[in-house]
Amino acid sequence: MPVTTSGLANWRNLDHALGGDCLRISSYNIHRCVGRDRSLDVERVAHVIRELGCDTVGLQEVASVDVPGEMSKQLDFLAAETGMTAIAGDTIVRDGGSFGNALLTRRPVLAVRRHDLSYLKREPRGAIDVDLDIAGKVVRVIVTHLGLKPAERRFQVRQMLKVLHDIPPEQAVVVLGDINEWLPLGRPLRWMHGLLGHAPAERSFPSGLPLFALDRVWVRPRHTLLAFESHRSPASRVASDHLPVRAIVAPAAPEARSHVPHVPRWR
């Protein structure tokens, strides 16, 4: 089977070969549905989400402003247009609306948790933490969007690691989002790699000419991550300033002969 440069299988070939017992999941910063042409176009973002062919999509920068010509909020509109269930994770709530993360999924939702990752007086940040039923197996999916400042990201990853350390090692976990880490060897990335295994990197920002791998997907156990890629289409290059990334995960894959990675101290 053809493989990508990351050593994982080619998405399209594997997608056709696998059934519904595999999770097809994406992370997409939709930039309030404002594209590179500066137009607010929610339908265009919905089109990109449909292109992805995923049953679960973690979103960042979702706004609750009204869709022009529709009595609907962005998340409600995207859920209706894609046929998915929506779970909101607002981090900013004001009189004019709300803003934050979200999860769209076709899978049964078993539990929902929300974590506050806000740091000092910086923009509020958070994470959605959801248990999904994937063909009878519980998979814990965490969606987040980290801050712009290095100290902020370090704080936020430490908070996430506390949550992850409380999850049993045998529990299937997917952590995804816009990590905003520009340095490939930055401490937040090293800490996440140390606990969950190395996340593949695909350039996703800026969408017109991707240079930086800001959008990541970690999977534990790592051997259950079968495919990963950034989704590059004419629509995705314009709909947001980020390209979506997507992964195929096989939660029921046989156990690999490997131990849980050692977690270094956070320095």
Side-chain angles (χ1 to χ4, degrees), residues 4 10-16 18 20 22-90 97-107 109 128 130 132 141 143 145 174 176-178 202-217 227-249:
T4 65
N10 177 275
W11 170 282
R12 291 168 182 80
N13 292 341
L14 200 60
D15 182 38
H16 291 305
L18 296 175
C22 288
L23 173 67
R24 292 158 176 84
I25 191 165
S26 172
S27 180
Y28 190 16
N29 183 329
I30 64 173
H31 196 232
R32 300 179 177 89
C33 294
V34 176
R36 289 176 53 237
D37 57 2
R38 300 184 181 181
S39 296
L40 192 159
D41 191 336
V42 188
E43 171 52 42
R44 183 168 56 186
V45 171
H47 173 76
V48 173
I49 293 173
R50 291 192 294 266
E51 282 185 341
L52 290 169
C54 291
D55 54 68
T56 302
V57 181
L59 302 175
Q60 301 87 40
E61 296 195 18
V62 183
S64 67
V65 297
D66 288 339
V67 178
E70 301 282 346
M71 293 301 293
S72 177
K73 296 178 180 180
Q74 282 188 4
L75 184 56
D76 297 334
F77 184 89
L78 293 174
E81 289 294 302
T82 59
M84 297 188 188
T85 298
I87 300 170
D90 296 334
S98 59
F99 176 80
N101 306 310
L103 184 75
L104 296 172
T105 187
R106 294 191 185 92
R107 301 290 188 167
V109 177
I128 305 172
V130 180
L132 298 180
V141 175
V143 182
H145 183 190
V174 179
L176 57 86
D178 178 357
E202 288 277 348
R203 297 176 181 180
S204 59
F205 180 87
S207 57
L209 182 63
L211 298 174
F212 302 100
L214 302 187
D215 303 275
R216 298 292 185 117
V217 177
F228 179 81
E229 69 174 16
S230 57
H231 175 67
R232 305 187 183 198
S233 70
S236 68
R237 289 182 183 275
V238 180
S240 170
D241 60 346
H242 285 248
L243 293 173
V245 296
R246 59 183 181 176
I248 298 178
V249 182

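Starting from 1, each residue takes its place in the sequence as its number.
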Does any non-hydrogen side-chain atom of Asp41 lie less than 4.5 Å from one of Val34? no
Can Asp15 and Arg24 be said to form a salt bridge (charged side-chain N to carboxylate O under 4.0 Å, His left out), step by step? CA-CA 8 Å; Asp15 182 38; Arg24 292 158 176 84; 2.5 Å; yes
I want to check something: taking the side chain as every heavy atom from C-beta on, are Arg50 and Glu81 in contact at a cut-off of under 4.5 Å? yes
Is Asp215 salt-bridged to Arg203, going by a charged N under 4.0 Å from an acidic O? no
Distance check, rounded to the nearest 0.5 Å: Arg32 atom CZ versus Gln74 atom CD? 9.0 Å
Tell me, please, which residues at least two apart from Glu51 pass side chain to side chain donor-acceptor pair (under 3.5 Å). His47, His231, Ser233
Pairing donors with acceptors under 3.5 angstrom, does anything connect the side chains of His145 and Asp178? yes
Non-hydrogen side-chain atoms of Asp90 and Phe99 separated by less than 4.5 Å: no
Gap separating the CZ atom of Arg237 from the OG atom of Ser207, nearest 0.5 angstrom: 8.0 Å
Hey, are the side chains of Trp11 and Ile248 touching, using non-hydrogen atoms and a 4.5 Å cut-off? yes
Quick one: does Glu43's side chain get under 4.5 Å of Phe77's, heavy atoms only? yes
How about Ser26 and Val57: do any of their side-chain heavy atoms sit closer than 4.5 Å? yes
Check: Asp241 and Pro206 side chains under 4.5 Å, non-hydrogen atoms: no
Residue list, side chain to side chain contact (heavy atoms under 4.5 Å, CB included) with Ala86, at least two apart or on another chain: Leu75, Ala79, Leu104
With rounding to the nearest 0.5 angstrom, report the CD1 to CG distance, Ile87 to Asn101. 12.0 Å
Quick one: list whatever passes side chain to side chain donor-acceptor pair (under 3.5 Å) with Arg232, sequence neighbours left out. Ser230
For Arg12, does the CZ atom have more than 12 heavy-atom neighbours from other residues, nucleotides or ligands under 6.0 Å away? no
For residues Glu61 and Asn29, is any side-chain donor paired with an opposing acceptor at under 3.5 Å? yes
